Amino acid sequence: MTEIKKEEEKSLNFIEEIVEEDLRAGRYKNILTRFPPEPNGYLHIGHAKSICLNFGLALKYGGKTNLRFDDTNPVTEDTEYVESIKEDIRWLGFEWAQELYASDYFDKLYQFAVALIKKGLAYVDDSSSEEIAAGKGTPTEPGRDSPYRSRSVDENLELFEAMRAGKYKDGEKVLRAKVDMASPNMQLRDPIMYRIKKAHHHRTGDAWCIYPMYDFAHGQSDSIENITHSICTLEFVSHRPLYDWFIEKLELFPSRQYEFARLNLNYTVMSKRKLLQLVNEKLVTGWDDPRMPTLSGLRRRGYTPESIRLFADKIGVQKRDNMIDVSLLEYCIREHLNRIAARRMVVFDPLKVIITNYTGEERVKSEDNPEDPGTTHRELPFSPELYIEREDFMEIPPKKFFRLSPGKMVRLKSAYIIQCDEVVKDADGRVTALKCSYIPGSKTGGENANMKVQATIHWVSIAHAITAELRLYDRLFKAEDPSREEGDFKDNINPDSLQVIGAAYAEPSLKKATFNERFQFMRKGYFCLDKDTSEDKMVFNRTVTLKDTWAKVQKA
RNA sequence: UGCCCGAUAGUAUAAUGGCAGUACAACUGAUUUUGGUUCAGUUUGUCGAGGUUCGAAUCCUCGUCGGGCAACCA
């Protein structure tokens, strides 16, 4: 009940306000949104913002969302991308009403173009692209009319048909809208509607050699589908008058365009061009490299759909430029993983502990998740030879060091309290082992279980441990805003963004890990199995570290 | 030097002319068999100058700053 109340009290973003007003005024019975990716790359966290907005709006107001591929440029697009995009949207947890393609409308769009020619609102231009660019003027000076601007309707009809029939080479002619070469809005200076591209299209094959431009495809596609709210990013604001112009002149369903600010994340690049460069130049292993901000990368890294939806919800929707702190994303994934991840013990950098007063072997019980009131438990083998984390011991501890040091006691998680009696070193003075004694009865439920010690550390039994490769990730870029730095953005790549631990020692229960599971390696972070796992080697990715206040204390 | 969009703590985001609030981050402290979690608390803000008004983050004017627009890309 309080949950619902909270939901009601939450304020609306500006697009929700528009939708509610439209619904209240009875402009639409139901809303219809669309997510319109171009299938020329993989989806990233920025797209997730748009997906959550478009699908979330429809869900909230009882409408629907179409998935429409904006496939009007055959040279950059491919079905490989279509498939990955569909997979990513489904993974995020959304279902589209219809799967559509701008290329579904090529015939219709051609008819629309003919209609505009007949109205004297479009013309074939023989100018070269350089001439057209020169004729556009600049933002501060008006453009000049093309010499072909006043061709007759009949001539335009004939030429456009010839364009379609393949009589001209690429670049020889274009179809332009006749709007206003002197408009202060550059988008309105007779924008190109169609260009010649003798290229194979991933869906229409070689049926067409002319392809509509974005501006002549997007709004019309929206109209054909009866999209009520066409939501895009801010760089299209200046296109809106053109969007409306085509719809008005063609007398189509009046879809309306609304713009919001795209997501920027610090220490991250988000442009498709730059991400493609990282992949092509092998600076990452692929689109799904766990350091990439792509949805496939985040998925492989161990991010959950819930965490990304939470993130999208928390960042909100506005029109001002923003730079979101990655720590918010990290908060969102920790928030989810803390609730669902099974706790396991894994030693990254082993230091041998010999418990001199313990013989034999036993199994100790440990809860899988203390956050879960109905948590299950597992049994861990305990024996006199253990590994603990090397960083959990210091021969000469600084003031605030709570862990093991000579003469000090710590608890071994879910097992006994031990005391360090002796430090074993090799010839170089490096600590090779610790001789400790355990406190009998200090195990959970024992008579000495309530003894206070300053720390509880994780451990594994050497005889029972299994090994696994661990991949630890850090931010891919050193600079907060890599694309804003001087020079090449790639100069700001963090050389330490990947750290591989070839063989960490894990409790044996991890042998049964599956790809869907999420784990918290206690005191070390959240992990999931990587697809590189094979019969003879398990590989885990660190999704995110735990919050580490000790690390902060150390730095200070 | 044209047109358009925008400006609220470090970062985001509310307050729709009436007490500037929330989250993340940061910092205290409590709890804790994870230096995790949880809980309590602290610090930090309306871009500037005028105007309208009993009252302005909100409306108006002028600035300032940031962003977008001159692809046969989307």
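Just so we're on the same page: letters track the sequence lines, and every chain starts at 1. Please read these numbers as outputs of a predicted model, since none were measured by experiment.
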Can A:Asp368 and A:Arg343 be counted as an ion pair, charged N to O under 4.0 angstrom?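 Salt bridge flag = no for A:Arg343 with A:Asp368.
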Would you mind checking if A:Lys198 and A:Asp170 are paired as a salt bridge, meaning a charged N to carboxylate O distance below 4.0 Å?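 No, A:Asp170 and A:Lys198 are not salt-bridged.
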For [N] and [M], measure between their [atom1] atoms and round to the nearest Å.
N      : M      : atom1 : value
B:rG17 : B:rC54 : C1'   : 12 Å
B:rU53 : B:rA70 : P     : 45 Å
B:rA49 : B:rU64 : C1'   : 10 Å
B:rG10 : B:rG51 : P     : 28 Å

Between the base of [N] and the side chain of [X], is one N or O donor paired with an acceptor at under 3.5 angstrom?
X        : N      : answer
A:Arg523 : B:rU34 : no
A:Gln520 : B:rU34 : yes
A:Thr444 : B:rU33 : yes
A:Arg334 : B:rU37 : no
A:Arg339 : B:rU37 : no

Are there over 12 heavy-atom neighbours, none belonging to [X], within less than 6.0 Å of that residue's [atom1]?
X        : atom1 : answer
A:Arg144 : CZ    : no
A:Arg262 : CZ    : no
A:Lys478 : NZ    : yes

So what does [X] hit on the nucleic acid, given a heavy-atom distance under 4.0 Å: a base, only sugar-phosphate, or nothing?
X        : value
A:Phe236 : base
A:Asp548 : sugar-phosphate
A:Lys547 : sugar-phosphate
A:Ser127 : base
A:Arg484 : sugar-phosphate

Check against side-chain contact (heavy atoms from CB on, under 4.5 Å), A:Met451 and A:Ile439: CA-CA 10 Å; A:Met451 271 179 72; A:Ile439 312 295; 3.9 Å; yes
Listing time: all N or O pairs from protein to nucleotides 40-47 of chain B that are below 3.5 Å?
none

Nearest of B:rA74, B:rC72, B:rA14 to any side-chain atom of A:Asp70?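 The closest nucleotide is B:rA74.
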Of all the choices, B:rC72, B:rG35, B:rU33, which nucleotide is nearest to the side chain of A:Lys452 once you look at every atom?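 Output: B:rU33.
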Reported [atom1]-to-[atom2] distance for the pair [X] and [Y], which is rounded to 0.5 angstrom:
X        : Y        : atom1 : atom2 : result
A:Phe236 : A:Glu259 : CZ    : CD    : 10.0 Å
A:Asp126 : A:Glu172 : CG    : CD    : 8.0 Å
A:Glu379 : A:Lys365 : CD    : NZ    : 8.0 Å
A:Phe69  : A:Tyr81  : CZ    : OH    : 13.5 Å

Give the rounded distance in Å between these two atoms: [atom1] of [X] and [atom2] of [N].
X        : N      : atom1 : atom2 : answer
A:Asn322 : B:rC24 : CG    : C1'   : 14 Å
A:Glu259 : B:rG67 : CD    : C1'   : 14 Å
A:Glu480 : B:rU11 : CD    : P     : 9 Å

For this output row, return yes or no: ring centroids of A:Phe527 and A:Phe519 closer than 6.0 angstrom.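 So the answer is no for these two rings.
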Do A:Tyr214 and A:His218 have their ring centres less than 6.0 Å from each other?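 Ring centres of A:His218 and A:Tyr214 closer than 6.0 Å.
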So if I apply the side-chain contact (heavy atoms from CB on, under 4.5 Å) rule between A:Gln520 and each of A:Leu546, A:Asn369, A:Ile340, A:Thr543, which one comes out positive?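 Only one of A:Leu546, A:Asn369, A:Ile340, A:Thr543 forms a side-chain contact (heavy atoms from CB on, under 4.5 Å) with A:Gln520, namely A:Leu546.
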Counting a pair only when it is Watson-Crick or G-U and both distances are under 3.5 Å, which runs of at least 3 such pairs involve RNA chain B?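 For RNA chain B the paired stretches long enough to count as stems (3 pairs minimum) are B:2-7 with B:64-69, B:10-13 with B:21-24, B:26-30 with B:38-42, B:47-51 with B:59-63.
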Which comes earlier along RNA chain B counting from the 5' end, the contact point of A:Ala551 or that of A:Pro139, where each point is its nearest nucleotide?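 On the 5' side of the pair lies A:Pro139.
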Could you check A:Ile132 against A:Ser238 and say which one's nearest nucleotide on RNA chain B is further toward the 5' end?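 Nearer the 5' end of the strand: A:Ser238.
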Nucleotide N/O to protein N/O under 3.5 Å, stretch nucleotides 28-30 of chain B:
none

